[in-house]
Amino acid sequence: MYLMARIDTQTGVETEWFVAFTPDVEQVQVTRTRKNARRFKRESDAMSARDMAANIAPEHQWKVVAA
């Protein structure tokens, strides 16, 4: 299982966790608790979601991590 984390660019620490996309308004939903984050079975699925999040929110840095 894999998770996708939003990284603080100043400290490099995982600050928030990916929950879902809202494509109608091009928004990425996140949570501050790791246990509520969306889980991906395959790393390739998580990488694909990371790329989509980077397109929607390019000002943030995203990272795929093991659950």
Side-chain angles (χ1 to χ4, degrees):
M1 294 292 224
Y2 296 91
L3 304 172
M4 193 170 72
R6 186 159 66 182
I7 305 299
D8 183 340
T9 56
Q10 306 250 335
T11 62
V13 175
E14 301 159 350
T15 57
E16 296 174 321
W17 302 91
F18 172 79
V19 175
F21 292 114
T22 308
D24 298 340
V25 291
E26 293 189 353
Q27 185 178 35
V28 178
Q29 298 173 359
V30 295
T31 181
R32 291 192 182 266
T33 57
R34 184 178 175 132
K35 70 177 185 175
N36 294 335
R38 176 161 184 212
R39 299 183 187 285
F40 298 92
K41 287 186 180 182
R42 295 185 304 187
E43 186 176 17
S44 62
D45 292 341
M47 295 284 202
S48 177
R50 183 198 63 192
D51 293 342
M52 291 170 53
N55 287 335
I56 292 173
E59 66 277 4
H60 299 289
Q61 184 179 9
W62 300 92
K63 179 181 177 183
V64 173
V65 296

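We use all heavy atoms of the structure for the numbers below, so side chains are in, but hydrogens, waters and symmetry mates are not.
Closest heavy-atom contact between T31 and A37: CG2-N, 4.0 Å. Closest heavy-atom contact between R39 and A67: NH1-CB, 3.4 Å. Considering every non-hydrogen atom in both A46 and Y2, the closest pair reads CB-CB, 4.0 Å. The minimum heavy-atom distance linking V19 with R38 is given by the pair O-CB, 3.5 Å. Among all heavy-atom pairs drawn from E43 and V64, the shortest one is CG-CG1, 4.4 Å. For the residue pair E14 and R34, the shortest heavy atom distance occurs at OE1-NH1, 4.2 Å.
Ring geometry for F18 versus F40: interplanar angle under 30°, hence parallel rather than tilted (30 to 60°).
Crowding of Q10 atom CD: a count of heavy atoms from other residues, nucleotides or ligands under 6.0 Å not exceeding 12.
W17 belongs to a hydrophobic cluster whose remaining members, ordered by chain and number, are L3, V65; membership requires side-chain heavy atoms of ILVMFWY residues under 4.5 Å apart, directly or through intermediates. Annotation for M1: hydrophobic cluster partners, listed by chain and number, are none (ILVMFWY side-chain heavy atoms under 4.5 Å, direct or chained).
Separating the NE2 atom in H60 from the CG atom in D8 is a distance of 10.5 Å, to the nearest 0.5 Å.
The one candidate from I7, V28, D51 that meets the side-chain contact (heavy atoms from CB on, under 4.5 Å) condition with W62 is V28.
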